[in-house]
Amino acid sequence: MDFSWIHDPFYQSYFWQGFVNTLMLVAISGFFGFILAVLNALAQVKGPRPLAWLAKGYTTVIRGTPLLVQLFFFYDGIGRLLPMIDGIRQSIIWPLLTNAFFFGCLTFTVSVGAYAGEVIRGAMASVPKRELETAKAFGMSSWKILWRIWLPRAIQICLPTLTGEIILLLKSVPLVSTIAVVDLLRAANIVRSETFLVYEPLLLVAGIYVALTVVLTWVMHTIEKNFPGAKPQKSALFSRL
Amino acid sequence: MSDSTHHSQFAENSQSCAPAVSVSNLHMSYGSFEVLKGIDAEAAEGSVTSIIGASGSGKSTFLRCMNLLEQPKEGRLEIAGETVEFAYSDKGRPVPVCKQVTRNLRTRVSMVFQQFNLWPHFTVLGNVTEVPIHIQGVSRKEAIERAEYYLEKVGMSDKRDQYPAYLSGGQQQRVAIARALATEPDVMLFDEPTSALDPELVGEVLNVIRSLAEDGRTMLLVTHEMRFAREVSNQILFLHQGQIEESGTPEDVFENPSSERCQQFLSSIIH
Ligand SMILES: Nc1ncnc2c1ncn2[C@@H]1O[C@H](COP(=O)(O)OP(=O)(O)OP(=O)(O)O)[C@@H](O)[C@H]1O
Ligand SMILES: [Mg+2]
């Protein structure tokens with residue numbers, strides 16, 4: 001085993017950049033993806049027909065195609081078509097549209113919106129009808145029931161599943177190394193190509209991912225435990241890794 | 001018997017007041033299956049009416065019509081100062097009750113369910129303040145005062161910051177009663193409030209309901225607890241296949257029921 005390259009500041013900066021990009025990708029697409037997921041679920045459960053179909057179609061297409069294909073589709077497809085729009089090169093969002101990291105975030109957001117949206121939709125269906133009916137019996141309007149009872153209860157129910165989704169998201173990040181975003185895998189590949197070491201850089205990547213997964217699981221578990229009305233439960237951290 | 005002096009005194013009270021609930025010719029169907037076949041009933045203000053009858057006779061449906069959780073297809077309902085006439089349009093669909101009327105009615109008629117139906121993501125206090133704050137527009141401070149008052153009344157003050165999952169069934173039902181009381185309703189509906197409870201927890205809930213009866217709350221109560229119904233009620237309605245087969249004071253209904261079906265039902269319950 002040869003880990004002497006770890007002391008090289010040049011490689012260190014690549015790994016650091018990869019680490020930061022990984023966290024940012026997960027945080028940004030986790031956040032916006034969750035919002036999109038809620039909107040997706042709402043559109044399917046409560047939206048007018050055409051909107052519900054649109055949301056259903058979006059979910060089916062995204063869940064039915066490989067994430068890598070979607071990534072290429074957004075980056076190579078849309079990314080190449082956009083410059084044809086008149087005046088777009090002069091607009092202030094142009095730097096964003098030429099940025100591979102942006103397309104990584106976009107692809108993952110769209111993906112989380114579909115997968116988590118399906119999870120939330122299912123959870124909404126599993127909230128006992130009588131809890132909603134009770135709110136109705138007290139004169140609550142249907143929108144208020146949605147925001148105060150239905151949605152919070154659904155999130156409470158599916159939080160453990162959402163934890164699983166976010167960990168899958170974390171482990172999808174290396175895909176962006178194919179569109180020239182520096183993530184941990186790309187940093188490792190740079191080391192591998194220059195030092196001809198096969199395993200050591202990959203071992204470091206694997207080690208970092210395991211650590212990130214443990215931390216992320218712990219964070220989500222803490223949120224679950226402190227979610228209003230959570231049932232008493234024993235520590236399930238290690239049983240769920 | 002001390003019991004009978006107890007409720008005859010209630011009966012006197014209630015006779016002097018106008019009816020708080022008045023139902024006439026109420027018909028209700030699920031699809032083509034007619035569940036209520038023309039119900040006429042009245043309940044005086046401050047009185048307790050118990051609705052008894054076999055499973056499937058339409059007791060829950062009747063109660064659910066009182067706060068429009070089910071829409072009757074025909075008849076008239078006067079409750080909590082609102083009058084609602086039910087009718088079918090030419091196309092055979094029920095004419096929907098005006099939203100404002102529905103809302104007014106529901107905020108003044110509150111219901112206690114067999115399964116408690118507390119909202120699990122709110123604390124006890126959150127459950128009890130939810131309707132006053134978010135539906136009735138009461139200030140947070142006043143809502144909390146109200147909640148504390150009614151939680152005290154049902155003996156649940158010490159659990160105010162607890163979540164429902166940590167409470168026993170009897171405790172949950174008492175909180176559900178406090179939740180219903182905190183809306184300061186004109187009429188309270190109870191649908192088998194003790195049927196989902198372990199036998200040793202039934203008493204604590206019945207005691208709370210009994211104290212409400214003594215306060216002179218207008219209540220409609222569906223129950224299988226015949227002794228209790230007899231003790232607290234001013235009026236008993238016996239429902240059979242969607243019709244009122246027998247009605248009257250507890251003495252009338254329990255001691256000399258004129259309907260044969262009511263006699264059969266009572267003897268089947270007692271044995
Ligand atoms: N949502 C529904 N759709 C169709 N039929 C229903 C529905 N709810 C109740 N029914 C039927 O209506 C009839 C009356 O039901 P209801 O629940 O009012 O009876 P109940 O007297 O409350 O009985 P129990 O003592 O079992 O609670 C029953 O035959 C029942 O099967
Ligand atoms: Mg019933």
Side-chain angles (χ1 to χ4, degrees), chain A residues 34 37-38 41-42 45-46 48 119-163 220-236, chain B residues 60 63-70 80 82 99-137 161-167 172 176 179-185 188-189 191 196:
Chain A
F34 179 73
V38 170
L42 288 187
V45 171
K46 231 179 131 55
V119 170
I120 295 171
R121 190 199 58 77
M124 286 182 79
S126 73
V127 174
K129 283 281 164 297
R130 53 197 176 78
E131 288 175 23
L132 308 179
E133 185 173 68
T134 302
K136 186 174 154 190
F138 279 107
M140 213 182 259
S141 69
S142 59
W143 278 107
K144 220 164 215 176
I145 292 176
L146 184 66
W147 287 118
R148 298 212 42 90
I149 316 281
W150 204 359
L151 208 49
R153 279 286 285 135
I155 306 275
Q156 180 190 37
I157 289 170
C158 69
L159 215 46
T161 317
L162 290 179
T163 302
M220 291 302 292
H221 185 63
T222 308
I223 295 175
E224 277 170 41
K225 242 181 15 200
N226 292 306
F227 198 90
K231 289 228 169 59
Q233 51 183 294
K234 41 186 179 336
S235 172
Chain B
S60 297
L63 218 55
R64 290 162 60 83
C65 288
M66 297 296 102
N67 61 2
L68 306 179
L69 280 180
E70 306 294 350
E82 300 286 344
K99 270 201 170 143
Q100 192 57 42
V101 171
T102 307
R103 207 184 119 98
N104 283 348
L105 191 153
R106 285 184 180 154
T107 53
R108 273 144 58 190
V109 177
S110 59
M111 189 151 179
V112 174
F113 298 82
Q114 183 173 348
Q115 301 288 340
F116 337 129
N117 302 359
L118 293 179
W119 297 301
H121 59 303
F122 296 143
T123 59
V124 163
L125 191 70
N127 268 280
V128 181
T129 56
E130 178 66 16
V131 179
I133 294 176
H134 294 281
I135 303 176
Q136 298 179 315
D161 296 318
Q162 203 64 270
Y163 283 100
Y166 294 81
L167 303 179
Q172 289 191 45
R179 171 175 68 180
L181 285 168
T183 68
E184 314 218 300
M188 284 183 78
L189 311 173
D191 192 359

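Here the structure is a predicted model, which is why all the values come from computation and not from measurement. Order of the sequence lines fixes the chain letters, A, B, ..., with proteins taken first and strands second; residue numbering starts at 1 for each chain.
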Under 4.5 Å from any heavy atom of chain A, what part of [X] do you find: side chain, backbone, both or neither?
X	value
B:Arg108	neither
B:Leu68	neither
B:Phe116	neither
B:Thr183	side chain

Which value, rounded to the nearest 0.5 Å, describes the distance between [X] atom [atom1] and [Y] atom [atom2]?
X	Y	atom1	atom2	answer
A:Glu133	B:Gln115	CD	CD	12.0 Å
B:Arg103	A:Lys136	CZ	NZ	15.0 Å
B:Phe122	A:Arg148	CZ	CZ	4.5 Å
B:His121	A:Glu131	NE2	CD	8.0 Å
B:Glu130	A:Thr134	CD	OG1	12.0 Å

Residue among B:Lys99, B:Arg106, B:Met111 with most heavy-atom pairs under 4.5 Å to chain A: B:Arg106

Residue selection (most heavy-atom pairs with chain A, distance under 4.5 Å) from B:Leu69, B:Thr107, B:Thr123: B:Leu69

Check: B:Asn67 and A:Phe138 side chains under 4.5 Å, non-hydrogen atoms: no

Identify the two heavy atoms, one from A:Ala137 and one from B:Phe113, that lie closest to each other, and give their separation to 0.1 Å. CB-CZ, 4.0 Å

Quick check on the interface: out of A:Gly139, A:Ser141, A:Pro152, who has the most heavy-atom pairs with chain B under 4.5 Å? A:Gly139

Given a strict heavy-atom distance threshold of 4.5 Å, which part of A:Lys144 is in contact with chain B: side chain, backbone, both, or neither? side chain

